[in-house]
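Quick caveat: nothing in here was measured; it's all calculated off a predicted structure. Hydrogens, waters and symmetry mates play no part in the numbers below; they use all other heavy atoms, side chains included. All chains are named by letter (A, B, ...) in the order of the sequence lines, taking the proteins before the strands, and each is independently numbered beginning at 1.
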Amino acid sequence: MSDKPSNFLATIIEEDLASGKHDQIVTRFPPEPNGYLHIGHAKSICVNFGLAQQFGGECNLRFDDTNPEKEEQEYIDSIKADINWLGFHWKGREKYTSDYFDQLYDWAVHLINNGDAYVCHLNADEAREYRGTLTEPGKNSPYRDRSVEENLDLFTRMKNGEFAEGECVLRAKIDMASPNMNLRDPIIYRIRKKEHHQTGDKWCIYPSYDFAHGQSDALEGITHSICTLEFEDHRPLYDWFIDKLPVPAKPRQYEFARLNVNYTVTSKRKLKRLVDEGIVDGWDDPRMPTISGMRRRGITPRALRNFADMVGTSRAGGVVDLGMLEFAIREDLNENAPRAMAVLDPLKVVFTNLPDDHREVFTAPGHPNRDDLGERELPFTKEIYIDRSDFNEDNTLSRKKFKRLVLGEWVRLRNAYIIHADEVIKDDNGEIVEIRAKVIEGTVGADAPEGVRPRGVIHWVSASEGLPAEVRLYDRLFNHETPDRGGDDFLRHINPESLKVLTGCIVEPSLADAAPESSFQFEREGYFVVDRHETKAGQLVLNKTIGLKEVWARKV
RNA sequence: UGGGCCGUCGCCAAGUGGUAAGGCAACGGGUUUUGAUCCCGUCAUUCGCAGGUUCGAAUCCUGCCGGCCCAGCCA
């Protein structure tokens with residue numbers, strides 16, 4: 001991944017730069033501020049900002065705010081935060097399509113003056129009838145041949161609020177028989193008597209996406225306007241406006257296939273249902289594919305960027321395996337997350353050959369192969385906790401299948417002694433409550449002596465010095481590859497085990513001052529992140545980002 | 001059944017007339033005080049199918065087949 005990915009967009013840009021068509025490229029990321037950004041947007045951000053970065057250009061952030069009915073300041077704020085968190089920055093203040101409403105209005109007038117646009121009084125239902133269908137051409141609107149003067153007057157009155165919403169629209173005069181529906185006299189301006197988050201009550205008419213987008217690109221000097229495949233049919237319209245108007249530049253639109261990931265939904269409507277129906281905790285629930293959710297989950301910006309590179313950019317629609325994202329996450333966290341030990345389901349072990357006040361401190365590396373991550377201290381005491389699943393009474397278990405502690409046998413405590421399990425204490429229900437064991441002297445940092453055969457290595461934490469923690473185990477939200485498939489049925493594919501909250505966990509004392517959002521690898525368990533919102537003094541809350549790879553689990 | 005686009009290993013993806021990169025997954029083996037990491041190796045005579053052009057095609061042509069998008073006063 002050190003090499004920049006080669007894809008058709010990079011190729012086009014290289015050619016444009018080489019031919020002198022452009023000295024510098026400018027791209028843009030144009031979200032509509034009507035929701036939270038998700039993994040698909042993350043990909044688009046990486047494509048647009050990434051290409052600019054790769055070729056020494058710029059990428060603007062432009063809020064495509066042409067529909068005041070759906071947009072809110074809250075979304076603008078979250079979108080900016082998400083992009084910055086991903087590691088991308090734009091030059092100067094963010095842009096808004098609404099910055100260009102005056103110019104756009106003038107250009108609409110320009111079209112009217114040239115006979116290329118007209119005010120149409122067909123209502124929505126009539127307009128639909130006149131539009132025709134995919135296989136039948138449409139019919140010209142009866143208002144199509146109004147004079148320039150009349151159109152100018154009508155459009156002015158639209159702007160002045162003299163018409164009700166839906167009463168009329170401004171349309172481009174193109175071709176009602178075009179096989180491309182987008183060219184059947186598309187709407188340029190519609191009436192929306194709504195307060196706009198940026199322009200207040202200045203306007204009661206708003207430009208359509210099609211009319212605003214290309215012209216905004218031209219105004220910003222965007223050289224490569226990159227969007228997803230569903231806008232491909234809009235390109236002829238994009239070009240039509242650019243051709244008809246005295247714009248300062250001629251940007252070009254290119255499309256790539258949007259990102260699809262299995263076991264995931266990204267439709268805004270579906271994500272909203274998950275939130276509204278309380279299936280998840282909010283837009284930033286660690287199970288959500290939103291950028292804020294993934295952030296809270298402990299997925300890093302670097303993992304997301306590498307994932308985008310790994311997946312590539314093409315025009316072929318497909319579904320990427322979630323496993324690829326998981327790989328990118330593990331790859332980054334394995335490299336960068338400090339190691340620690342945490343016992344999620346504690347089982348007490350008491351060493352009978354140690355005095356009650358026994359205490360010694362071992363040191364362990366912060367990371368097995370990164371000295372720069374320092375060392376940590378591990379207090380070792382007479383009583384420790386190990387994970388309940390790391391012990392078994394059954395000594396007939398094969399050494400290959402169970403490389404942990406078995407009654408009457410040995411196991412190595414990570415970074416500490418080899419121990420021997422002598423006895424099991426059970427409560428009235430027959431449940432194991434404690435293990436009596438002995439440490440084998442002289443085995444710290446040394447090989448097992450003759451005759452001592454530890455089955456494997458397990459993690460542990462001092463009972464008296466470990467820190468209490470709440471650990472939230474997250475798993476895939478859906479248990480179906482394509483939960484989207486059956487339309488609204490997607491909620492039937494919710495994985496009932498996507499969240500398990502563990503409250504009695506014990507983590508090693510070195511985590512006492514762990515900062516919110518810092519990631520750790522709990523050895524033999526997986527990667528965990530300190531929750532950025534709910535960790536309070538004395539009560540750590542950790543979110544499981546993802547488990548370690550477990551090849552053995554599949555084979556056994 | 002109108003128009004646009006897409007089809008290269010289970011998944012993603014390079015390749016643009018000169019004889020199939022890479023990544024994920026999978027499968028062997030080695031190292032290992034994390035059943036992790038790391039390392040080494042295996043994994044498309046074939047590019048949706050069928051014809052054609054060419055000394056030579058995944059790349060050009062023709063015809064099929066399959067998938068996606070478009071009939072918001074959404075973006």
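For the pair A:Arg131 and B:rG72, the criterion of a side-chain N or O lying under 4.0 Å from OP1 or OP2 is met. One finds a side-chain N or O of A:Ser6 lying less than 4.0 angstrom from the OP1 or OP2 phosphate oxygen of B:rG15. Not one side-chain nitrogen or oxygen of A:Arg399 sits closer than 4.0 Å to the OP1 or OP2 atom of B:rG35. Applying the 4.0 Å criterion to OP1 and OP2 of B:rA13, one finds that A:Ser314 has a side-chain N or O inside that range. Under 4.0 angstrom from either OP1 or OP2 of B:rG35 there lies no side-chain N or O belonging to A:Arg404. Not one side-chain nitrogen or oxygen of A:Ser208 sits closer than 4.0 Å to the OP1 or OP2 atom of B:rC74. Residue A:Arg370 has no polar side-chain atom (N or O) positioned under 4.0 Å from OP1 or OP2 of B:rC38. For B:rG72, one of the phosphate oxygens OP1 or OP2 lies less than 4.0 angstrom from a side-chain nitrogen or oxygen of A:Arg128. Between A:Arg235 and the phosphate of B:rC5, there is no side-chain N or O to OP1/OP2 separation shorter than 4.0 Å. At least one side-chain nitrogen or oxygen of A:Arg315 sits closer than 4.0 Å to the OP1 or OP2 atom of B:rC6.
Checking side-chain atoms of A:Gln253 against main-chain N and O of A:Phe231 turns up a donor-acceptor pair under 3.5 Å.
Judged by distance alone, the side chains of A:Asn336 and A:Arg370 do bring a donor and an acceptor atom under 3.5 Å apart.
Heavy atoms of A:Glu69 sit nowhere under 4.0 angstrom from any nucleic acid atom.
Interface remark: the A:Arg339 side chain does form a donor-acceptor pair with the B:rU34 base, using a distance-only criterion of under 3.5 Å.
With a glycosidic angle more than 90° from 0, B:rG41 adopts the anti conformation.
Taking the side chain of A:Leu134 as heavy atoms from C-beta on, and the options B:rA13, B:rG35, B:rA71, the nearest nucleotide is B:rA71. Residue A:His234 has its side chain nearest to B:rA75 when only B:rC70, B:rA75, B:rG15 are considered. Side-chain proximity of A:Lys549 to B:rU34, B:rC11, B:rU37: nearest is B:rU37. Distance from the side chain of A:Val169 is smallest to B:rC73 among B:rC73, B:rU37, B:rG3.
Using a cutoff of 4.0 Å between basic side-chain nitrogens and carboxylate oxygens, A:Arg453 and A:Glu409 are not scored as salt-bridged.
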